[in-house]
Amino acid sequence: MYKCSCLTKNDTYVDEIAYNVNEWDLYLKQPEIIETEKNYITNHFATFDIETTTINDNINTPYAYMYQWQFCIDNTVIFGKTFNDLTNFFERFIDFFHLDKKHKIVVYVHNLSFEFQFIKHFFNITKLFARNKHSIVSFILNDVFEFRCSYCLTNQRLQQLCINNNTYHRKGRGDLDYRQKRTPKTELTPIEYGYCYNDVRALHERIEYYLKNDSLKSIPKTSTGFVRRDCRERVQENKYNKKLFRKNQLTEQEYKLLKERYRGGNTHANRYMTGFIIDDVTSYDISSSYPFVMLSEKYPTGKYIHIDNIYFKRRYKYSQKFCTCATYTFYNIDSKDNNYIPYIPFSKCYDLDNFTIYNGRILKRDKLTITLLDVDLEIILDTYTFEKVEVSNFMYCWKIFLPLELRQEILKYYENKTKLKNVEGEEYNYMLSKQKLNGIYGMCVTDIIHDIITLLDDKTLDDTEQTTIDEYYNNFNNFLSYQWGVYVSAYARRNLQRAIKICDDSIIYVDTDSVKFIDYDGTVENKIKELNQKIIDNCKKQNIIHSIDYNGKKRYLGIFEHDGHYKQFITLGAKKYRYIDDNNEIKVTVAGLSKVKGAEYLKNHNGLESFEIGTIFNDSGRTRAYYNEDKPHYITVDGEKIETASNIRIIDVPYTLGVTTTMLEILENIGMGIENE
């Protein structure tokens, strides 16, 4: 047995016992009858995790191996050290629970992709489901263990998952130093063993929450699966919706054109404000931006009609009544002086000539070609000038509101999230409603054509075939049209653009559904209040339900709400900013940099003044993964013979705050203190 000192929700440590791989079955009660549901045993599930270390710190030859594993079943935790231990354990476990192909057990792993890389060569793995080569959702091991990724299910890190769901056992905080080299013979301390114990025990407690309302057969494999299931059931209550879904079937050409046009949220910085420390900054964000546009906007419906040749001015005739998509070639296009947040992304353009960009956005080009929806085109016409434009691949179709049943389900999520917030005893239901509301957009932008990932004989992954569009539309479980998801993000960008225009030269930074601006006299906030009233009035005029009554007040989706105030704010571009809030706390948001570690660095290095180009965050929280695809073999570490195979080495790497060369030139031109020699 192993004595484990385990962290609890009370921030205290309690003693627990983990069983040795050779003795666990002496203490676990053997089941007499195992109920099954479509080949799954229903009264048991397990969790699994491994601990790894590296043989050296040479970044040129990164290599890792396993020195500890833990398995939890019925809240009983078993420890093992080697792959031989694990193989023997699985064999005894199969006999103990009388498992076979018709009596499988589900095993959850938080970040299954990591464990898969280490164990895949030691076992017979089949029926693998993956998003890509290194993103594993589930697989079957030895025909009886179905491993599932609990991170895909929850979309939360284990530590946050435990906090959000108030589990008794908690993910340890730094109790096991991953930088220390260990081997299977290394004796861990009780606190270190407690860290390993909690990794599977806390996860087991969390999965039990999910199974209060689900079975192991019915529970989705991904976080968006919950909302997809709910919405599918509601939408399919009306048989007309299935006919509508079939009418919306895309051709391969239409699908590719829409996929080419798909784009996420608009995140960027004012090109004239970049690099300066700015005082007294206000932030507003849109309440439930994506759900709101699904309630309030009209979407492409029915077959697309194609026009081979069309004059640019004639598009107005179609944009009023129809959703349009086309490829546009602009000549001598130039950003207007008051276009503080350039809209055209460099990554979506082709056929380029003599261009100037700012942080990935087009400022000026002699020629560019881009595929646009009608929504995007209107923004470009308002923020750019050009000499000539040519149109090709023009297609249009009718636009109507999304199915009523789908909109009702979205509104239900918002109502549950609002009414259950901070209600004691409803933490789980609140979390689930919040996840569902946030998952609506992800559900809508799932690709129709996607790669099928299979496992080959040599235990490598490969992309072997594509699903067809016909298969997608003939599948009874599918009910969402891909073109709807493309328009969801487009409408959200359009709504954000309205706030950008209101802010004018006061705008500093935008991120998907939020705007940050200077407003010394309250003018901008008054304009935002006017915009909110227009949004409300428009919804009332069209009889769109976008609010609920709660505690005597109206709670609206889609309006701009005050989201914070900063004493000081500075940005170096998209996903690169830091600020001092009203509590004098320094906060940092930089893609690839830990918010906690970034803020700590600035606190110890001259505050916001040190947030500048070239700043190096050595302790950044950023990591890099190296994949090794070796067959099973032995290595010798400090005289100990260790069996290992394929592995993944994750190492800490520093983060250097920087910008592109083009953006650096812009900063020089606006006087960022970079002197010319």
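Starting from 1, each residue takes its place in the sequence as its number.
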*Asks:* Would you confirm whether E387, through its side chain, and D366, through its main-chain N or O, come within 3.5 Å as a donor-acceptor pair?
*Replies:*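 Absent.
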*Asks:* Please walk me through it: do Y284 and F560 pass ring pair (Phe, Tyr, Trp, His ring centres under 6.0 Å)?
*Replies:* CA-CA 6 Å; Y284 270 71; F560 287 84; 7.5 Å; no
*Asks:* List for me each residue that meets side chain to side chain donor-acceptor pair (under 3.5 Å) alongside N155, sequence neighbours excluded, and say none if there are none.
*Replies:*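 Side chain to side chain donor-acceptor pair (under 3.5 Å) list for N155, sorted by chain: empty.
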*Asks:* Determine, for Y343 and R263, whether the Lys NZ or Arg CZ falls below 6.0 Å from the six-membered ring centre while staying within 45 degrees of the axis.
*Replies:*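 The answer is yes, since R263 meets both limits relative to Y343.
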*Asks:* Quick one: does NZ or CZ of K516 land under 6.0 Å from the six-membered ring centre of Y577, within 45 degrees of the ring axis?
*Replies:*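 Positive - K516 is close enough to the ring of Y577 and near enough to its axis.
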*Asks:* Between K412 and D230, does at least one N-O distance fall below 4.0 Å, as a salt bridge requires?
*Replies:*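 So K412 does not pair with D230 through a salt bridge.
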*Asks:* Tell me if a side-chain donor or acceptor on R407 pairs with a main-chain N or O of S296 at a distance below 3.5 Å.
*Replies:*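 No, because the side chain of R407 does not come within donor-acceptor range (under 3.5 Å) of the backbone of S296.
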*Asks:* At what distance, to the nearest 0.5 angstrom, does OH of Y491 lie from CG of L373?
*Replies:*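 Nearest 0.5 Å value for the OH-CG distance: 8.5 Å.
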*Asks:* Taking K348 for the side chain and Y262 for the main chain, is one N or O donor matched with an acceptor at less than 3.5 Å?
*Replies:*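 At least one qualifying donor-acceptor pair exists.
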*Asks:* Quickly, which of K534, K540, Q533 forms a side-chain hydrogen bond (donor to acceptor under 3.5 Å, both in side chains) with D537? Name it, please.
*Replies:*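 Considering K534, K540, Q533, a side-chain hydrogen bond (donor to acceptor under 3.5 Å, both in side chains) with D537 is found only for Q533.
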*Asks:* Sub-3.5 Å donor-acceptor pair from the side chain of Q483 to the main-chain atoms of N248, do we have one?
*Replies:*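 At least one qualifying donor-acceptor pair exists.
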*Asks:* Can you tell me which residue among E254, E252, E260 is in a salt bridge (Lys or Arg N to Asp or Glu O under 4.0 Å) with K256?
*Replies:*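 Result: among E254, E252, E260, E252 is the only option passing the salt bridge (Lys or Arg N to Asp or Glu O under 4.0 Å) with K256.
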*Asks:* Looking at R261 and D376, does any basic side-chain N land under 4.0 Å from a carboxylate oxygen?
*Replies:*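 A salt bridge is present here (some side-chain N lies under 4.0 Å from a carboxylate O).
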*Asks:* Establish, yes or no, whether the cationic atom of K388 lies under 6.0 Å from the six-membered ring centre of Y331 and within 45° of the ring axis.
*Replies:*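 Here K388 passes the 6.0 Å and 45° test against Y331.
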